[in-house]
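Throughout, a chain's letter reflects where its sequence line sits, starting with A, and its residues are numbered from 1. Note that the structure is predicted; figures quoted are calculated from it, not measured.
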4 protein chains.
Amino acid sequence: MGLNKFLFTGNLTRDAEIASTTGDRARALIRLAVNDVWTDEQGQRHERANFFNITVWGSDAENAAKYLGKGSLIFVEGRLASTEWEKDGEKRYGTDLVATQIQYVDTKKPGSDNA
Amino acid sequence: MGLNKFLFTGNLTRDAEIASTTGDRARALIRLAVNDVWTDEQGQRHERANFFNITVWGSDAENAAKYLGKGSLIFVEGRLASTEWEKDGEKRYGTDLVATQIQYVDTKKPGSDNA
Amino acid sequence: MGLNKFLFTGNLTRDAEIASTTGDRARALIRLAVNDVWTDEQGQRHERANFFNITVWGSDAENAAKYLGKGSLIFVEGRLASTEWEKDGEKRYGTDLVATQIQYVDTKKPGSDNA
Amino acid sequence: MGLNKFLFTGNLTRDAEIASTTGDRARALIRLAVNDVWTDEQGQRHERANFFNITVWGSDAENAAKYLGKGSLIFVEGRLASTEWEKDGEKRYGTDLVATQIQYVDTKKPGSDNA
DNA sequence: TTTT
DNA sequence: TTTT
């Protein structure tokens, strides 16, 4: 019921690929670099990239695998999901990013147009 | 330069507290439950809560510690930061959530009004 | 396909009421006051209320009419729709606000609890 | 004090231009098309564009005039302001959209890169 | 480590 | 007054 949304613009650091298909539902993984620029209190300019793994489902996943390559610029909207799992008897917590919508700003993949 | 934003509405699962102060800059941690309700293809209703740790800085942190208690309903906006660290010689990757704006929708803390 | 969202917290300036029902679909109108506080460059504090008419559909409309009265505090999420119409042979343009989700923060209506 | 926010992604329907400058404060107007796609209960696909006028102030206005042309894809965040005025002795009410943040997703203006 |  |  609560609002749960993320918004990114960034570039793929590798080609999008189908990671699995269960039933008829494809799942792709997108590795995104989101660039950050800021100036600190001393007026010094800084740059840093943040890297995110984003899960894409269904026909969005199939389109991503077809059209999105390394370097592609996209706008992504999605939801955050909290996860927990166990490793070596120790509980761990993490955050998953699931895309609900992708807009192709600049498709770098050969043979694809920006449609 | 890229767009990097998250938006949540949710309830605190515990009182907000100052976690540390470096120089004059306070840092608080907020533990947020964001409730999700959806109906699947079979018309079955599902509910699930997602839990997020959100870092708050400066005067926002001080106000959070003063006014936000367990159960408080807030709107939070912020940025996602990718992190990497090592444990037992193994690289791990995660995602931090940093608040840039908090709006108090319903303050549950005794002694605080919704002003 | 584009992102289109508004977010408000505010108080009703009058009781919510069903405005019409077409088929089985109810439509209610909510009149919301959203308070604004800011300090100008001279450090002077200002206050102002903004007033918005928000359209609510279906079961949300029925619930609003049942539970939301003058003074109720709510969180509303919704979409903006551009409209155009003619009056006296002159074209006019406006903006409609349509709720997609309402959270009751404080129900002022007698006989309703904050559930 | 209340939350008051809008979020759009859309394309400019014309070049951004400085509308006025008072003191040293520039004001620009952006005309945005926000595309909407949905499928109704009959499975029929619909498309519609919503058109919004957004006011931009200060250096954001100057940058918009420099970098944003017809077709540019942007993300805009801002506040809604209710307005009232009189025309022919009749009171009219409207809603203004004021940008607080603009992110350039795809700058179409010749001579500008997506920096 | 879990809120309404 | 309409963009992809």
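- Atom CZ in Arg92(C) sits about 17 Å away from atom C1' in dT1(F), given to the nearest Å.
- Residue Asn35(B) places its side chain closer to dT3(E) than to any other of dT4(F), dT3(E), dT1(F).
- Out of dT1(F), dT3(F), dT3(E), the shortest distance to the side chain of Thr13(B) is found at dT3(E).
- Residues Leu68(A) and Ile30(A) have side chains in contact (heavy-atom distance under 4.5 Å, counting atoms from C-beta outward).
- Tyr104(D) places its OH atom 21 Å from the P atom of dT3(F), with the value rounded to the nearest Å.
- Under the salt bridge (Lys or Arg N to Asp or Glu O under 4.0 Å) criterion, Glu90(A) pairs with Arg92(A), Lys87(B), sequence neighbours left out.
- Atom CG in Asn4(A) sits about 15 Å away from atom C1' in dT3(E), given to the nearest Å.
- With dT1(F), dT4(E), dT1(E) as the candidates, the nucleotide lying closest to the side chain of Tyr93(C) is dT1(F).
- One can place CG of Leu3(A) at 16 Å from C1' of dT3(E), the figure rounded to the nearest angstrom.
- In this structure, of dT1(F), dT3(E), dT3(F), it is dT1(F) that holds the atom nearest to the side chain of Asn53(D).
- Remark: Arg79(B) does not engage Asp96(B) in a salt bridge, criterion side-chain N to carboxylate O under 4.0 Å.
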Using distance only, find each side-chain donor-acceptor pair of residues 52-59 of chain C under 3.5 Å and give its atom names and separation, not counting sequence neighbours.
residue	atom	partner	partner atom	Å
Asn53(C)	OD1	Arg31(C)	NH1	3.3

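- For Thr39(D) and Arg45(D), the side-chain atoms include no donor-acceptor pair closer than 3.5 Å.
- When the C1' atom of dT3(E) is taken as reference, atom CZ of Phe51(B) falls 7 Å away, rounded to whole Å.
- Summarising the geometry, the separation between CG on Leu12(B) and P on dT3(E) is reported as 12 Å, rounded to the nearest angstrom.
- Note: CZ (Arg14(B)) to P (dT4(E)) measures 14 Å, nearest angstrom.
- The nearest whole Å value for the distance from the CD atom in Gln103(A) to the P atom in dT3(F) is 17 Å.
- One cannot find a donor-acceptor pair under 3.5 Å joining the base of dT4(F) and the side-chain atoms of Asp106(D).
- Using a 4.0 Å heavy-atom cutoff across all strands shown, Glu84(C) reaches at least one base atom of the nucleic acid.
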